Amino acid sequence: MEHAATFALYEKIFLVVEQIPAGMVSTYGDVAAVVGGGGDGRTVGAALGALSRERAAVVPWQRVINREGVISTGGMGQRTLLEAEGVAFDAQGRAILARHRWPGPAPEWAADNGCHTLPEREEGEQLSLDLA
DNA sequence: GAATTGACGGGGC
DNA sequence: AGCCCCGCCAATT
């Protein structure tokens with residue numbers, strides 16, 4: 001069996017992803033930053049890819065995309081799932097991160113679960129500029 | 001145990 | 001904005 005440490009890391013990643021509310025999205029890098037523990041964006045991708053079908057029904061994996069707002073899985077109906085939750089995409093097929101990006105967990109939750117919060121973003125001001 | 005691959009990101013140009 | 005290169009971590013061969 002795999003090492004317990006790796007198993008715990010994956011479980012922690014799943015726990016964080018479950019905190020992303022419907023209608024919002026996050027990036028692999030952001031999730032990794034919240035989880036901490038040495039993992040990075042690729043680690044998050046590996047964890048989500050390892051989700052069993054049953055687990056995928058519980059963990060909202062579709063809400064995690066790359067830093068450009070682009071769907072990495074393509075063809076798994078991820079975009080359709082997100083649009084059903086209210087996430088808007090531009091003409092280039094990128095989710096509008098300025099409007100739907102998850103700001104990270106509440107400081108209280110993070111401290112209570114051994115996770116980190118995300119640094120302040122100040123680029124969410126252009127949220128009503130895109131019409132494309 | 002080395003090499004390869006991939007649901008990634010940052011920085012430079 | 002785009003494009004390219006490099007570092008990063010985990011799984012697989």
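As the structure is a prediction and not an experimental result, all values here were calculated from the model.
Distances shorter than 4.0 Å separate some side-chain N or O of A:Tyr10 from OP1 or OP2 on C:dA11. For B:dG9, one of the phosphate oxygens OP1 or OP2 lies less than 4.0 angstrom from a side-chain nitrogen or oxygen of A:Thr27.
Taking atom CD1 on A:Ile13 and atom P on C:dC9, their separation rounds to 13 Å, with Å as the unit. B:dG9 atom P lies 10 Å from atom CG of A:Leu97, rounded to whole Å. Rounded to whole Å, atom C1' of C:dA1 lies 13 Å from atom CZ of A:Arg67. Nucleotide B:dA7 holds its C1' atom 13 Å from the CG atom of A:Leu82, rounded to whole Å. What separates CD1 of A:Ile65 from P of B:dG6 is a distance of 21 Å, to the nearest Å. Residue A:Lys12 contributes atom NZ, which lies 13 Å from atom P of C:dA10 at whole-angstrom precision. One atom, CD of A:Glu68, and another, C1' of B:dG11, lie 14 Å apart when rounded to the nearest Å. Nucleotide C:dA11 holds its P atom 13 Å from the CG atom of A:Leu51, rounded to whole Å.
Among the atoms of the strands shown, base atoms are found under 4.0 Å from some heavy atom of A:Gly49. Using a 4.0 Å heavy-atom criterion, one finds that A:Gly74 contacts no nucleic acid atom at all. Among the atoms of the strands shown, base atoms are found under 4.0 Å from some heavy atom of A:Asp40.
Minimum heavy-atom separation, A:Arg121 to A:Arg101: NH2-NH2, 3.2 Å. Nearest heavy-atom pair across A:Val17 and A:Pro60 is O-CG, 3.3 Å.
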Item to check | Test log, rule salt bridge (charged side-chain N to carboxylate O under 4.0 Å, His left out), inputs A:Arg55 and A:Glu11 | outcome: CA-CA 11 Å; A:Arg55 209 83 156 76; A:Glu11 287 304 314; 2.6 Å; yes
Next on the checklist: Before you tell me yes or no, could you show the steps for A:Trp102 and A:Gln19 under side-chain contact (heavy atoms from CB on, under 4.5 Å), namely the whole-Å CA-CA distance, both residues' side-chain angles and the distance that decides it to 0.1 Å?
Outcome noted: CA-CA 9 Å; A:Trp102 183 50; A:Gln19 306 310 308; 3.8 Å; yes
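A cation-pi arrangement is present between A:Arg79 and A:Phe89 under the rule of less than 6.0 angstrom and at most 45 degrees off the ring axis.
Checking C:dA10, C:dA1, B:dG9 against the side-chain heavy atoms of A:Thr43 singles out C:dA10 as nearest. Considering only the side chain of A:Gln92, C:dG2 comes nearest among C:dC8, C:dG2, C:dA10.
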